[in-house]
Amino acid sequence: MAIQYYDVQPFSSLREMLELAKNESGEKIAYMFKGKNKEVCERTYAEFYEDVYSLGTALAEKGISKKHIACIGENSYKWINTFLTTLLSDCVFVGIDKELPQADYLHIMEDSDSNVIFYQGKYEETLRENRDKLSNVKFFVGFDREEHDGDFLSFDLLLEEGRKLYKDGVKSYVDMKNDLEAMKMLVYTSGTTGLAKGVMLSEKNLISLVYNGLRTATIYTKCLSILPYHHTYEAVCGILVGIHHRVALCINESLRMIAKNLNLYKPDYMYVVPAVALALHKNVLKNAEKQGKLKLMLTMMKVSNALRKVGIDLRRKLFKSVHEGLGGNLLEVVCGGAPIPVDTAYFFDAIGIMILNGYGITECSPLVSVNSPKDSDYRTVGYPLPCLEVKVDEPDEDGIGEICVKGDTVMLGYYKNPEQTAEVIVDGWFHTGDYGYINKKGQILITGRKKNIIVLDNGKNIYPEELEKYIYMLPYVKDAVVYDSTDDGKVILCAEIYPDPELLGDSDINADVHRVLAELPSYKQISKIVLRDTEFPKNASQKIVRGKIEKK
């Protein structure tokens with residue numbers, strides 16, 4: 001079966017994309033967020049358009065042209081305003097991970113050659129103390145500042161100054177021209193190794209991602225925006241795709257507010273990483289256990305699935321209370337960043353929420369493939385975007401090899417690092433470092449990261465992510481990492497598990513792990529299990545940083 005693509009309105013630039021949104025949906029709500037007094041504020045597409053052009057005019061009149069503009073802080077409307085303003089200018093946007101240690105984010109500000117830094121208030125003291133280390137920076141723009149102070153400017157005052165200039169007909173920003181092939185976005189990969197690299201993305205990359213992403217998998221009308229904006233997954237797939245689809249984007253201020261904001265905004269879809277999907281899944285199970293209804297819910301899921309096989313779908317009715325706990329309107333969860341545990345995907349599907357599993361990497365803007373609502377299989381990461389070619393390099397006897405990508409969303413290269421660029425882009429093919437294979441339908445399946453492969457004494461390759469997916473099927477497992485250890489000089493497999501003590505009870509973990517892995521061959525069985533009482537170290541995308549785990 002060939003994938004059926006959706007019809008999407010074409011556009012030639014990000015300026016045209018925002019112009020179309022303003023002209024065709026100007027009165028529609030574009031953003032919802034909490035104000036200073038926790039009241040819900042709204043901005044329409046017409047208002048957002050004016051905010052972008054006002055901020056852009058203010059910057060242009062201060063001589064900010066063909067510069068690098070950095071931004072660090074929590075998700076906010078002002079962050080999005082800065083992001084779009086920069087993308088529509090002739091400047092380059094540099095989003096910085098707010099969770100980085102001070103030395104790391106200061107290094108990125110300098111290494112990226114940033115000339116303007118937009119920042120949340122809590123960073124001002126550090127920026128002032130390290131002013132001498134930021135040699136290229138001309139202006140610091142504080143989201144929380146009320147007044148200008150030398151080269152430390154107030155965002156609100158700057159916006160109002162630009163609004164007056166823009167309304168008076170000043171066209172310094174309006175008349176800016178962009179090279180679609182030039183660097184437009186500089187993204188420092190958080191990764192899981194601590195070695196951040198600056199990924200150069202062009203406007204052509206971003207346009208191709210938005211257009212072809214929507215052709216492959218459509219979305220709905222209101223999104224709870226929860227992932228960090230410095231990351232391409234939320235910045236491009238969330239913010240930019242949302243604009244072209246005329247979505248109302250509801251800004252979630254922190255991960256701990258997800259449950260409350262689901263019920264406040266009542267979205268119909270959201271983008272998540274597996275850690276967030278798993279947390280939502282486990283939270284529902286925990287609540288059902290507290291109410292003494294867990295066994296009933298699991299039975300109802302089996303009954304519901306049996307009814308679906310004969311064409312009767314009662315999921316929204318049978319699991320009404322679960323849906324109400326998730327806001328009541330949630331229809332779709334798009335999951336990327338890593339393979340989703342099969343049990344979590346099964347759970348969402350069984351209660352009536354479509355789970356669209358996808359695969360991306362920052363160097364590909366970031367989406368490579370995604371399942372289509374018309375033909376979704378959550379065991380895979382879906383079909384490649386129509387603008388991409390995908391191949392499996394040097395497959396083994398099982399057809400597993402490195403996933404390589406060529407096409408319009410592949411990065412320009414690593415900033416100021418031609419050697420590393422040449423290592424990963426060979427004859428136009430970007431080598432992702434992820435291993436997997438392509439099934440007969442053309443869907444991609446990811447087995448694990450190249451750098452994480454464990455080689456046993458018998459020469460067999462083990463992909464730890466594959467085993468972890470099975471272990472996550474246990475309801476009390478919050479996080480799990482499989483790695484190699486030794487026993488009398490022999491390489492063995494060790495599973496380190498962070499459980500939920502409330503769900504763990506008196507469970508026999510050794511027996512449970514062996515049970516869920518029973519269908520796998522003997523060489524893939526876990527020999528040692530380690531329990532931990534603290535979370536694994538994670539990066540801003542909630543991925544476990546394997547390099548920081550001390551192997552037992």
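No experiment lies behind these values; they were computed from the predicted model shown.
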| message | Testing Lys62, Arg131, Arg128 one by one against Asp151 for a salt bridge (charged side-chain N to carboxylate O under 4.0 Å, His left out), which residue passes? | response | Arg131
Do [X] and [Y] have side-chain atoms, one donor and one acceptor, less than 3.5 Å apart?
X	Y	result
Glu61	Ser172	yes
Tyr119	Asp144	no
Asp111	Tyr188	yes
Ser112	His68	no
Arg215	Gln4	no
Ser12	Glu16	yes
Glu110	Ser135	yes
Asp434	Tyr359	yes
His148	Glu161	yes
Asp375	Ser372	no
Asn23	Tyr45	no

Between [Y] and [X], is there a side-chain heavy-atom distance shorter than 4.5 Å?
X	Y	value
Glu253	Asn261	yes
Leu330	Tyr220	no
Ile80	Leu249	yes
Ser13	Glu203	yes
Asp51	Leu84	no
Met270	Val334	no
Tyr415	Asp113	yes
Met411	Met183	no

Between [X] (side chain only) and [Y] (backbone N and O only), is there a donor and an acceptor less than 3.5 Å apart?
X	Y	result
Arg145	Glu147	yes
Thr86	Phe93	no
Thr409	Cys364	yes
Asp408	Lys204	no
Asp479	Ile544	no
Glu402	Gly433	yes
Lys28	Ser25	no
Asn81	Lys78	no
Asn357	Thr380	yes
Glu234	His231	no

| query | Among all residues two or more places apart in sequence or in another chain, which pass the side-chain contact (heavy atoms from CB on, under 4.5 Å) test with Lys406? | reply | Glu389, Trp429
| remark: Contacts of Glu160 meeting side-chain contact (heavy atoms from CB on, under 4.5 Å) (sequence neighbours excluded), chain-then-number -> Arg163
Would you verify whether the NZ or CZ of [X] falls within 45 degrees of the ring axis of [Y] while also being under 6.0 Å from that six-membered ring's centre?
X	Y	result
Lys374	Tyr6	yes
Lys222	Tyr265	no
Arg15	Tyr173	yes

Nearest-0.5 Å distance that lies between atom [atom1] in [X] and atom [atom2] in [Y]:
X	Y	atom1	atom2	result
Lys34	Ile251	NZ	CD1	11.5 Å
Ile29	Arg246	CD1	CZ	15.5 Å
Lys133	Asn130	NZ	CG	4.5 Å
Asn371	Tyr378	CG	OH	11.0 Å
Lys22	Glu47	NZ	CD	13.0 Å
Ile226	Asn75	CD1	CG	9.5 Å

For [X] versus [Y], what's the shortest heavy-atom pair and its separation?
X	Y	result
Phe139	Leu153	CD2-CD1, 3.7 Å
Val94	Ser114	CG2-OG, 4.0 Å
Ile355	Ala345	CG2-O, 3.7 Å
Lys416	Pro418	C-CD, 3.6 Å
Thr232	Leu201	CG2-CD1, 3.9 Å
Gly213	Leu385	CA-CD2, 4.1 Å

Ring pair (Phe, Tyr, Trp, His ring centres under 6.0 Å) with [X]: which residues, sequence neighbours excluded?
X	answer
Tyr414	none
Tyr229	Trp79
Tyr49	Tyr53
Phe152	Phe140

| message | Tell me whether Asp132 at atom CG has more than 12 heavy atoms from other residues, nucleotides or ligands lying less than 6.0 Å away. | response | yes
| Single hit among Ile219, Val333, Leu224 for side-chain contact (heavy atoms from CB on, under 4.5 Å) with Tyr271 | Ile219
| Pairing of Lys538 and Glu535 as salt bridge, 4.0 angstrom limit | yes
| message | My understanding is that only one of Phe83, Tyr31, Phe33 makes a ring-ring contact (aromatic ring centres under 6.0 Å, His included) with Phe48; could you say which? | response | Tyr31
| Are Tyr211 and Phe11 close enough that their ring centers fall under 6.0 Å? | no
| task | For a side-chain hydrogen bond (donor to acceptor under 3.5 Å, both in side chains) with Gln9, tell me which candidate from His244, His245, Glu24 qualifies. | result | Glu24
| request: Please assess Leu14 against Leu18 for the test side-chain contact (heavy atoms from CB on, under 4.5 Å), listing each intermediate value before the final yes or no. | output: CA-CA 6 Å; Leu14 295 177; Leu18 187 58; over 6 Å; no
